[in-house]
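Down below is the structure, laid out as structure tokens.
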Amino acid sequence: VMLAICAMGGGNAAKDATLKNIEASNTWAFFQAKNMRRHVLRVEADDLDLRLKAEPDLTPDGREAITAKIAEYKKQDEILTVGDPDKPADRREGLDQLFERGKRLEIERDVAMRKDPYFDYGEALLQIAIVLVIALVIYRSMTLRQVWDLLAEAAEISAVILFMVGLAALFGWAVDT
């Protein structure tokens, strides 16, 4: 039972790490795409601004159209940076929010990656313990009653340890949320 729990915990930690890594990669790809778009808008706005300064003989309608386009590009730049102000704050996907989300997902991935080896160590130690108990029984250095007593003590210790691990996980989860 303990071996199955360790294997399941290790599998879950590895899945969590993979999931958070994929989510972080997707977030950073979206961040880069938006950043490139913002860069293009800024270059275009600068180009149009230079055109206004370099071509003083533009018609008033031409100047007005270029000025309106610069204002539109700057508004899009602002939306790309801080998110759409028409959306609720938690639904905005500006570069600022994407940066924060990407960093948060990387931290969650790293936490899951740090948990995984402990499950693997526990699984390996339990396998070694099982082999040792079986070896003792085979060589008859212990009677069946002694093996039963050993397993009962191991079950009690495991119950206490699992209870403490459960509490730690519960408190860890509560702190993370």
Side-chain angles (χ1 to χ4, degrees), residues 2-56 58 60-126 161-177:
M2 288 293 293
L3 190 59
I5 290 171
C6 285
M8 183 182 68
N12 287 345
K15 286 178 194 172
D16 286 347
T18 301
L19 177 66
K20 295 304 176 185
N21 191 46
I22 291 169
E23 287 178 7
S25 294
N26 288 344
T27 300
W28 288 120
F30 192 33
F31 176 88
Q32 288 175 327
K34 281 194 165 218
N35 197 30
M36 287 298 298
R37 184 169 178 216
R38 182 178 69 171
H39 177 71
V40 168
L41 286 173
R42 287 178 176 177
V43 168
E44 283 294 318
D46 288 346
D47 187 46
L48 290 174
D49 192 38
L50 287 173
R51 185 172 178 198
L52 280 176
K53 293 175 182 172
E55 298 178 22
L58 282 173
D61 288 341
R63 284 188 169 285
E64 186 178 316
I66 290 174
T67 304
K69 190 53 95 170
I70 291 171
E72 179 186 332
Y73 285 164
K74 288 185 178 186
K75 181 179 179 189
Q76 288 179 16
D77 180 319
E78 183 70 17
I79 290 172
L80 286 170
T81 302
V82 297
D84 190 350
D86 296 335
K87 291 184 179 180
D90 62 332
R91 301 293 237 159
R92 294 183 186 161
E93 291 186 326
L95 290 169
D96 295 344
Q97 292 85 5
L98 289 174
F99 183 83
E100 290 173 13
R101 186 181 316 151
K103 287 296 185 185
R104 179 180 45 80
L105 288 168
E106 285 178 345
I107 290 169
E108 291 174 13
R109 174 204 59 206
D110 294 343
V111 167
M113 287 176 67
R114 282 193 302 270
K115 288 179 185 177
D116 185 47
Y118 294 108
F119 287 105
D120 296 337
Y121 299 147
E123 190 174 354
L125 291 173
L126 281 171
I161 291 171
L162 282 175
F163 180 73
M164 292 185 332
V165 167
L167 284 176
L170 180 65
F171 291 126
W173 173 79
V175 170
D176 285 345
T177 58

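- Between I22 atom CD1 and T27 atom OG1 the span is 11.5 Å, to the nearest 0.5 Å.
- In this structure, R92 contributes its side chain and D84 its backbone to a donor-acceptor pair below 3.5 Å.
- With sequence neighbours excluded, no residue forms a salt bridge (charged side-chain N to carboxylate O under 4.0 Å, His left out) with K34.
- Counting all heavy atoms, side chain and backbone alike, D96 lies closest to V82 at OD2-CG1, 3.5 Å.
- Shown here are the salt bridge (charged side-chain N to carboxylate O under 4.0 Å, His left out) partners of R104, two or more places apart in sequence or in another chain: E108.
- How far CD of E64 is from OG1 of T67: 8.0 Å, rounded to the nearest 0.5 Å.
- Ring geometry for F99 versus F31: interplanar angle of 30 to 60°, hence tilted.
- With values rounded to the nearest 0.5 angstrom, D86 atom CG is found 7.5 Å from I79 atom CD1.
- In this view, P56 and R63 satisfy the side-chain contact (heavy atoms from CB on, under 4.5 Å) rule, not counting sequence neighbours.
- Annotation: side chain of R101 is in contact with side chain of E93 (closest heavy-atom distance under 4.5 Å).
- Contacts of E106 classified as salt bridge (charged side-chain N to carboxylate O under 4.0 Å, His left out), with partners at least two apart in sequence or in another chain: K103.
- A donor-acceptor pair is defined here as one N or O able to donate and one able to accept, closer than 3.5 Å; such a pair exists between the side chain of Q97 and the backbone of G94.
- Here salt bridge (Lys or Arg N to Asp or Glu O under 4.0 Å) pairs that include residues 44-54, with residues two or more places apart or in two chains, are D49-K53, R51-E55.
- In terms of heavy-atom proximity, G102 sits nearest to A24 at O-CB, 4.4 Å.
- Considering CG of D110 and CG of L105, their distance stands at 11.0 Å, rounded to 0.5 Å.
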Mind listing the side-chain donor-acceptor pairs of residues 68-75 below 3.5 Å, one per line with the distance, residues two or more places apart or on another chain?
from	atom 1	to	atom 2	distance (Å)
E72	OE2	Q76	NE2	3.2

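- The two residues R91 and K87 make their nearest non-hydrogen contact at O-CD, 3.9 Å.
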